[in-house]
Amino acid sequence: MNIMRELLLEWDRTGKNVTALCYYAFTLVAAFFMCVTGAVRAYQFDFAPAAVYFLLCAGCMILFWRVYEDMTVRDTSRLNSYAHCLVVGGFIFGLSALFFLEGGMTGGVPTLFIMAITCTPLFIIDTWEAVIMLVMEVAAYGANIYFAFRYPDAIAKVSIGSAGFLVPLFLVAVILGLICMIFTYAYRHQQIKLDKAITEANAANEAKSTFLDNMSHEIRTPMNSILGMNEMILREEERPEIAEYALSIQRAGRALLGILNDILDFSKIQDNKMEIAPVRYDLSSLLNDMVNIAAEQARKKSLNFEVNVDKGIPRILEGDEYHIKQVVLNILNNAVKFTERGSVSLSITYEKLDEHNILLKCSVSDTGIGIRSEDMDLIFQPFEHVQASRKFQSDGSGLGLTIVKNLLILMDSDLKVESVFQKGSTFSFDLKQPVIKWEAIGDYKRAFSTAAAHSSHYHEAFQAPDAKVLVVDDTDVNLLVFSNLLKKTKIKIDTASSGVEMLQLVRMNHYDMVFLDHRMPGMDGVEAFHNMRSLTDSLNARTPVVALTANAVLGARQFYIDQGFNDYLSKPVDTVRLEQILLEYLPADKIQPADPEDEKKLQARRAKEAEASKAAKAPEAIIAADTVDEADEEPEEPSSTYANIPGIDYDAAVTNCGVEETFVQALQIFYDTLDQKANDIERFEREKDIKNYTVLVHALKSSARLVGALKLSEDAKYLEACGDKNDIAEIEAKTPALLSQYRGYKKVLAEVFGNNDEEDMSLPEIPLDELKEFYVMLRDMAANFDLDNIDGMMEDIKNYRIPADEKERFKKIKDCVTAADWAALDELLK
Ligand code: ADP
């Protein structure tokens, strides 16, 4: 058995045809048998049957030779032809002759008939051929038997007894057994090969994914330089024609990043790594973003852009907002691209499924070139463009619809296409979406502007001349770009081009923030980060460190957070995000509003930039559209509600925060975190944990100053200095006064914000199962650092009363959210 297996494996390795092996075995055994039988008959002086046996043997030998010749031929059709010849020519006529020469029905030949009939379907792969052969054989052998009964004298009487029956029976058994064995081994062997091929294919796929990730890095790094340098031109160039060129570079660069994102998405889909992350979203803002982008594209091609939104659709839904946006924008983008005249229309309706869900129905129609019915399947093939006419030669990656279709499948939906060539197309899909709030959307534009007015305004222009930041990157041009991006903020910037250099710098200087590139030769960013954190007596023990990387792969953010970094910024650096991060992590007392002249220039640039971005593909364009909306909005009328709070210097607070709205937000956070922070300070003081005590009073110094609690800030500053000197006696003496002053703000601010601890009995109590659902969603969002939606949910839940049993837990959850302590929140929500 093993020898056979080895033989098979060996032959297969040399590329032999396994099917041929079966013929090989068959013909070998048959020829051997015919030869022996022929010899025996010749010995008995029965020359007629001997001659037939030898003839059959010769046929087998010819087949054997042909099979041997064809051993390396993968296609078995030729072998089948040989087998047919043998069966027809040899077996039908040969066995018929033997039937009459070897005793008719009492001899052994009928057994060989059975063997021939059994082997025919086994060897002949083509069904019709097998049927024809079988019919021919059955007819021939049937005719023989009929003839034998009709003319019994035609049968030669032989007296070979039972051997005449048993020998062929034995032979048939051996041949059939051998064939089965060979087939079984061949099958197993194919299976092994298949498994090996699957493993190899998976490995190749892995390699491809790694290659794509690396390629993404390799392309993003130089793109960072190109777009960054271009950003400098846009900022500093006054001549309109040069700014125009720079805008073109920006447009093309962003389009290239769009293609890169498509390729990465496609690779994720192929590797089953694409994740659908449902979050609570506001449909009005989603629509607004999409419509802004598509309307602009349609306007450029002088197309009519119509939007029909059912006013009754619930506004707050749950779904993967990012990917829904990606799907619709892709379809809209195609509709505009493939339409020369007429209109593109987006229509959103809905159907109520049950108490908690709706079916969101989205369709995009155009009056464009349409798609031929024979091309319908082709458009979903990756990298495939259907060339309806040269004018419409697509400049995309050919991946758009493949990604759209697969994303919809992941969201349990499907893309439907109806198209009439030369007339237009309609792409549509239905998406089941859980409803968070049944409040109808109404006029989505108005709904959006109301929501936007309530959402936080990002204050984009600031300066921090006293702040000092370290940027570490092995590419000089990246350092230059980064430094230039921050030029207007007047932040002092040190640069280092390796982990080692960075460690030298952090040993000697204190920084307010460090931006650290991950991939660097020698000591990489993560290693450098851990080395920096493990320095004893470090000047930068508390300095926030932000990972800077071109590795825009899935899970990158979580990776850096897990490593201990404070945040993560992907390259090419998005200036808006960079400024947000700086505002978040730089000490508040070092941030000042920007010079008004600078701000004006910045606004003008942003307007220009938004214009360019709208034309670019999602998702980059989405960011730009957000920026436009904010820039377009009217500045809000300052409110005086906060101007006369005792102990709060309103003017100083607004100056520190830039705008009143930021001040109000900061004050709210100050108020919400007050209890916990005060308790912590008290505890660290009691436990004589001076290191952590100092961290907290340092933070209090900044936050108090920011909200205009200037005396409190000064006192905290004094105690921070005491902490740095380890002056325990002074800390013990002064902390109670600081705490009572700090806690005093609780009462003062309760009047402004309303006492959260006091229950409003007019509110409806939230059902327990809904509260549980709220916890699950909150945990998900916290895991994704989806801060916007967390804020929205915390806002919504204020409309309910918390059940008595859950009050304590809810309070802790709220504190964790306010303190952005996601690890503790995760523990609480487990
Ligand atoms: P790309 O747009 O990059 O070529 P897609 O996958 O988005 O790739 O689209 C594949 C093909 O489907 C397009 O090349 C085009 O031929 C066809 N197609 C897509 N949308 C439309 C449309 N609205 N009208 C006509 N043809 C379309």
Side-chain angles (χ1 to χ4, degrees), residues 212 251-252 254-270 274 290-291 293-308 323-348 362-411 413-429 615-622:
L212 281 176
R251 242 191 314 262
R254 288 186 172 170
L256 189 57
L257 284 180
I259 293 176
L260 193 63
N261 286 339
D262 272 0
I263 295 175
L264 284 175
D265 278 351
F266 177 66
S267 141
K268 273 186 223 162
I269 287 171
Q270 283 209 315
M274 180 61 91
M290 297 187 309
V291 169
I293 295 166
E296 178 62 18
Q297 292 172 344
R299 192 188 57 76
K300 283 198 180 136
K301 286 185 80 177
S302 307
L303 298 174
N304 237 347
F305 183 59
E306 294 159 14
V307 186
N308 304 306
H323 285 130
I324 297 174
K325 203 185 279 188
Q326 186 178 0
V327 163
V328 181
L329 277 175
N330 233 313
I331 301 176
L332 279 170
N333 191 49
N334 274 348
V336 173
K337 185 158 73 177
F338 296 106
T339 305
E340 270 309 272
R341 258 189 314 274
S343 63
V344 169
S345 64
L346 166 71
S347 145
I348 313 269
C362 176
S363 91
V364 175
S365 303
D366 63 64
T367 56
I369 51 165
I371 303 159
R372 287 193 186 89
S373 51
E374 62 266 30
D375 291 336
M376 276 298 187
D377 288 336
L378 220 57
I379 60 172
F380 296 114
Q381 299 293 325
F383 307 107
E384 199 67 64
H385 302 291
V386 179
Q387 312 256 313
S389 93
R390 287 201 70 73
K391 197 155 85 189
F392 287 102
Q393 269 192 7
S394 179
D395 52 358
S397 60
L399 287 174
L401 287 182
T402 315
I403 294 171
V404 165
K405 196 171 173 67
N406 281 289
L407 281 175
L408 285 173
I409 290 173
L410 285 174
M411 291 191 262
S413 177
D414 195 18
L415 184 64
K416 292 189 227 44
V417 191
E418 284 164 31
S419 188
V420 181
F421 187 54
Q422 307 287 21
K423 288 248 159 24
S425 323
T426 300
F427 287 78
S428 61
F429 62 89
K617 244 185 146 180
E620 275 68 25
I622 297 168

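Hydrogens, waters and symmetry mates are skipped; everything else that's a heavy atom, side chains included, is used. This structure is a prediction, so every number in the text was calculated from the model and none was measured. All ligand and atom numbering here is 1-based and tracks the order in the structure.
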- For the residue pair Asn406 and Gln270, confirm or rule out a side-chain donor-acceptor distance under 3.5 Å.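 No - no donor-acceptor pair under 3.5 Å links their side chains.
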- Message: On a heavy-atom basis, which atom in Leu401 and which in Ile379 lie closest, and how many Å separate them?
- Response: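 Heavy atoms only, the tightest pair is CB-O, 3.7 Å.
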- Closest heavy-atom contact between Gly400 and Asn330?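 Heavy atoms of Gly400 and Asn330 come nearest at CA-OD1, 3.8 Å.
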- Selection from Ile379, Val404, Val417 by shortest heavy-atom distance to atom 11 (C) of ligand 1: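 Heavy atom nearest to atom 11 (C) of ligand 1 belongs to Ile379.
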- Heavy-atom distance to atom 19 (C) of ligand 1: which of Asn330, Asp366, Asn334 wins?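 It is Asn334 whose heavy atom sits nearest to atom 19 (C) of ligand 1.
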- Query: At under 4.0 Å between heavy atoms, which part of Ile371 makes contact with ligand 1: side chain, backbone, both or neither?
  - Reply: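 Side chain only.
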List ligand 1 atoms under 4.0 Å from [X], heavy atoms only on the residue side.
{"X": "Gly400", "value": "5 (P), 6 (O), 7 (O)"}
{"X": "Lys337", "value": "1 (P), 2 (O), 3 (O)"}
{"X": "Phe427", "value": "20 (N), 21 (C), 22 (C), 23 (N)"}

- Message: Under the rule for side-chain hydrogen bond (donor to acceptor under 3.5 Å, both in side chains), what residues qualify as partners of Thr426, not counting sequence neighbours?
- Response: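 Checked Thr426 against side-chain hydrogen bond (donor to acceptor under 3.5 Å, both in side chains); matches are Ser365.
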- Query: Which residues pass the ring pair (Phe, Tyr, Trp, His ring centres under 6.0 Å) test with Phe305, sequence neighbours left out?
  - Reply: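 Not a single residue meets the ring pair (Phe, Tyr, Trp, His ring centres under 6.0 Å) criterion with Phe305.
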- Item | Check: Lys301 side chain, Thr339 main-chain N or O, donor-acceptor pair, under 3.5 Å |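 Yes: the side chain of Lys301 pairs with the backbone of Thr339.
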- Message: Heavy-atom contact check, 4.0 Å cutoff: does Ala335 meet ligand 1?
- Response: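 Contact check Ala335 vs ligand 1: positive.
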